[in-house]
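Following: one structure in structure tokens, then a few remarks.
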Amino acid sequence: LDMVLANASILTFDAFDRFVSRGHLIIRKDKIADIIAGGDIPPGPATGCVVDAANHLVLPGFVNCHTHCGETFFRGLCDDGTLFPWLQQTYEISGRKTVEERRASYEQGCREMVRSGVTCLCDSSEPLGVMDIIQRSGLRYIAAPMLIERMPWGQALPESASRLESRIGLLSEFSGRQRTSVMLGAHAIYSCSAELLGRAKRYCDAEGIIFCIHLAESADEVDFSRKHFGTSPVSYLHRLGLLDGNTLAFHCVHFDEPELELLRERGVSVVHCPIANLKLYSGVAPVADLIRSGVPVGLGTDGVMTNNSYNFFEELKFAVLLARLNKAAGRAELTAHEAARAATIEGARVLGLGHEIGSIEVGKKADLQMIRLPRLKRLDREVAESFVVFGAGPQDVAAVICDGELILDARSPCGTAERAAQER
Ligand SMILES: [Zn+2]
């Protein structure tokens, strides 16, 4: 399908952070074919449609770098407690899901994410029997199921969750499909043995896929690590030789200066989940320190049992506002611009998709969202980013496009602009 988003304001998040105050974005098939600043709408394609995007902001779809979509159905059933008590309760509530519960979770979760401007999710639930739902949502999907052997209090988990072969089987279902890719996770240092962590990482390296893990998330984890390994979580993973450019760490709230340097030097990428960290009493991650020292950082909602929403706009706003608390601790603050980049191009980078998605550039995939703009005294890049980070919400998302396909249309579909194109 060919499409023109006409008369749009465009936040590109390209290398120059180019902002187009009024222009036209041309989509051919699944890709961005042209970005024309100002002037008339170019002669339309013979087939396809022209969407009048006047008074709208077009920006890349958000990249939700860490979530557990399979939990959606269990929302509100485990709202208190720090990580370890939360894990215990959560496991009892949602550890064994029926197929119907799993399908209901994905159905609802994918829908909410699209409405929130998300076009890509990295999902660490077990996507069993839900392939059709994910594909129907139109979202770009990264299956990142996790190995887990035991709970921190010693309880062993079903063998299927701890067997590398069963996870590999799960991944094979998703590799090579349109809009999908895979990575493999190990749940955490307190729930997987050193041996299993090593095997998972070696498998990922050999297959050229990203290895992901929940890391340095909470004080519970730090205490566990000191007690059992005699050191902190980041240092422990380094000791095992598992920190490098192929490692993606979720959360990373608790680390010191030398460990920050270690993360940077080893090329580790990080996913910041500000709301989940706050809800589980985990703390405020020094996210701006990571970004300023050159660690690639994306944003994630985490699952709804720690959030309890997939509203990605909240994630941006919390990230910036929470980081203001860091100022008192002498740490760097996060700017709205940095948060907006983390939600788009930097998120794409940490998932290994920076060459394909995350910014509006000719030749990249057309993964886009269109947001209604309120009346504004001035509109430039700063004001546009400010609206996205502080002012906008799912109610402002007018359309979402993934892989060149309109997957959400909260306007009248192609409306009068389409008729205008046909008349030409
Ligand atoms: Zn998680």
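Indexing begins at 1, ligand by ligand and atom by atom, following the structure's order. Just so it is clear, the structure is predicted and the values come from calculations on it, not from any experiment.
Nearest N/O/S atom of Asp302 with respect to the Zn ion (ligand 1) is recorded as OD1. Looking only at its N/O/S atoms, His66 has NE2 as the one nearest to the Zn ion (ligand 1).
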field: Residues His66, His272; criterion ring pair (Phe, Tyr, Trp, His ring centres under 6.0 Å); working and verdict
entry: CA-CA 9 Å; His66 178 50; His272 180 45; over 10 Å; no

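With salt bridges taken as basic N to acidic carboxylate O contacts below 4.0 Å, one links Arg199 and Glu165. With respect to the salt-bridge test (charged N to carboxylate O, under 4.0 angstrom), the residues Glu314 and Lys317 do not qualify. Taking 4.0 Å as the cut-off between side-chain N and carboxylate O, Lys97 and Glu71 do not count as a salt-bridged pair.
Between the Zn ion (ligand 1) and His68 there is an N/O/S contact shorter than 2.8 Å.
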